[in-house]
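Below: one structure, written as C-alpha cells.
Numbered from 1 within each chain, the chains take letters A, B, ... in sequence-line order.
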2 protein chains.
Amino acid sequence: MAQKNILQYIILGLLDQEPRTGYELTQDFAHEIGEFWQAQHSQIYPLLARMEEQGLITHSVEVAGTKLEKKRYSITTEGRSALSSWVGAPTPTMATTKDEFVLKLYFVQRADDARLPGMIREQIAIHQEWLDHLEARRQLLFGDENVPQDQFGHYLILDHALTREQQYLSWLDQQLTQLPHN
Amino acid sequence: MAQKNILQYIILGLLDQEPRTGYELTQDFAHEIGEFWQAQHSQIYPLLARMEEQGLITHSVEVAGTKLEKKRYSITTEGRSALSSWVGAPTPTMATTKDEFVLKLYFVQRADDARLPGMIREQIAIHQEWLDHLEARRQLLFGDENVPQDQFGHYLILDHALTREQQYLSWLDQQLTQLPHN
DNA sequence: ACGTACATGTAAGACGTTACATGATTGA
DNA sequence: TCAATCATGTAACGTCTTACATGTACGT
C-alpha cells in the first residue's frame, strides 16, 4: 500500500496511553485496534528499534522470572510531538477500499448470473458476523452509554465501523431481493 | 497488503471484455475502474509478461505509424477459466479498511478537542467531492436507467460506492453537529 | 513433565508506489 | 518545431504477510 508509515503513529498513540512491550503492542493489534489496522510482530519489533533510533521512543528492561528480559517502551517528548503533528495534519488522501468481493461483482456482467445469489448470501453471513462482533465490543466497552467522556476516539471509530457494516449489510440485502426470479 | 494477485484477475476480466494494450489497461485503472482499484503501469507491464508466460493471455503486435510497436493482449481459454473460477470461488476475507482519518480519530481522546471540527469538515469536503464525482459517473454511464441489463456489475459497484459515500458523509455530518459547543 | 502463553527477533517473498529511462506519434 | 500524449519498460524502495528460529515462565 505504501502509506507514509502510519503504523509508526499508531504505535506512538498506543505508547502515549501507557508504556508497552512489543508483545503487548502485538496483542493490541490482534484485539483492541485490530478492527481497524493489522500488524504482525515481525513488523512491530524492527519498527520499534527504528523508532528508538530516531528518538521517538525509549525502553527500559524488565526482568520476569529469572532470565526473561522484556523491553518496555515509552514515548518521548519528541515522539509526543510527532504524534500530535500527525493527528493535526491534513488527511487529504481517501481510503481506497480494495474490496475483493465488490471487484468480483464488477465482472458479473448479467443480473441473472446464477452465481450471484450465493455470492451475496456468503457476504451477508460474513458481514453479519462482523457486525455482531462489533456490537458485542461496543456493549463490552461502553455499555449503554450514549457519548462517553473518556475514550471518545475509540467510541467514535467503533460507531463508524458499526454504521458502515449496517449499511453494507442493508445494501447486500437490497441487492439480493432485487435480483430477477430469486 | 499481500493479496493473492487480485490484480491479475482484474486484468483478465478487462481482457475478457476486449483485447487491450498495457497502456490501455493503465488508462482503465486511471479512469474506468480507478474508483475501486489502482495500479500503475510499472506494476502492469511486468505482470502482463508473467501472465503470458503462464498461458493466461497472449499478445499480437500492432504497428502504429512507422515504428511504434503496441502489444495487444487477449485472454486465452485458460485465462477465461482462471477468471471464472476466481469469480465463482468463495471470498471469505473481508476488506480491511485502512482509513487514516478514522485512525486519527482513535487518538483524539476528548470530545472537546479543538482540532475535531476542522478535521471532520476537511473529510466532509473530500467525501462530498468524491460523491459528486461518482454521481456524475453514474449519470454519464447509466443516465436515469434503474437497473440496466448490460454492465450490470459496473452498475452494482457504482451503486455500492455511492451508498457507501452517502453513509460516510451523513455519519460525518452527524458527528459534527453532535460535538460539544460547536 | 508438559503444554500454553509469553517474549523477541530474522528471512523471504509478495504487493505497491515513486522515480528513472527511452523513444514514437500526433496535432497545433 | 514543440508539447502533449502514446507506449513500454526497469530500479529502488517501502509495506505487509508468512514462515523460520529461539528461548522463558507458569500453571496443571
**Prompt:** Out of D:dT15, C:dT17, D:dT10, which nucleotide sits closest to the side chain of A:N5?
**Reply:** D:dT15
**Asked** Can the ring centroids of B:W130 and B:H127 be said to lie less than 6.0 angstrom from one another?
**Response** no
**Prompt:** Which of these nucleotides, D:dT8, C:dT18, C:dC6, is closest to any side-chain atom of A:Y23?
**Reply:** C:dC6
**Prompt:** Roughly, in whole Å, what's the span from CD1 in B:I44 to P in D:dT10?
**Reply:** 14 Å
**Value in whole Å for how far the P atom of D:dA7 lies from CG of B:L25** = 12 Å
**Prompt:** How long is the span from the CG atom in A:L7 to the CD1 atom in A:I44, to the nearest 0.5 Å?
**Reply:** 6.5 Å
**Prompt:** Of all the choices, D:dC6, D:dA7, C:dA19, which nucleotide is nearest to the side chain of B:Q27 once you look at every atom?
**Reply:** D:dC6
**Complete:** Only residue of B:H59, B:E62, B:E18 satisfying side-chain hydrogen bond (donor to acceptor under 3.5 Å, both in side chains) with B:R72 is B:E62
**Item:** Heavy atoms of other groups near B:R110 CZ, more than 12 under 6.0 Å
**Value:** no
**Prompt:** Between B:H160 and A:Y168, does the ring centroid distance fall short of 6.0 Å?
**Reply:** yes
**Request:** Encode nucleotides 21-28 of chain D as B, S and - characters from 5' to 3', where the letter depends on protein heavy atoms closer than 4.0 Å: B to the base, S only to sugar-phosphate, - to neither.
**Result:** ---SS---
**Message:** Could you check whether B:Y106 and A:H154 have their ring centres less than 6.0 Å apart?
**Reply:** yes
**Item:** B:L105 side, atom CG; B:Q123 side, atom CD - distance, nearest 0.5 Å
**Value:** 8.0 Å
**Fill in**
Rounding to the nearest 10°, end axes of the helix from C:dA1-D:dT28 to C:dA28-D:dT1 built from five pairs each make an angle of 20°
**Asked** Of all the nucleotides listed (D:dT17, C:dT17, D:dG9), which has the minimum atom distance to the side chain of A:K98?
**Response** C:dT17
**CD/A:E129: more than 12 non-hydrogen atoms of other groups inside 6.0 Å** = no
**Message:** Among C:dG16, D:dT17, D:dA7, which nucleotide has an atom closest to any side-chain atom of A:Q43?
**Reply:** D:dT17
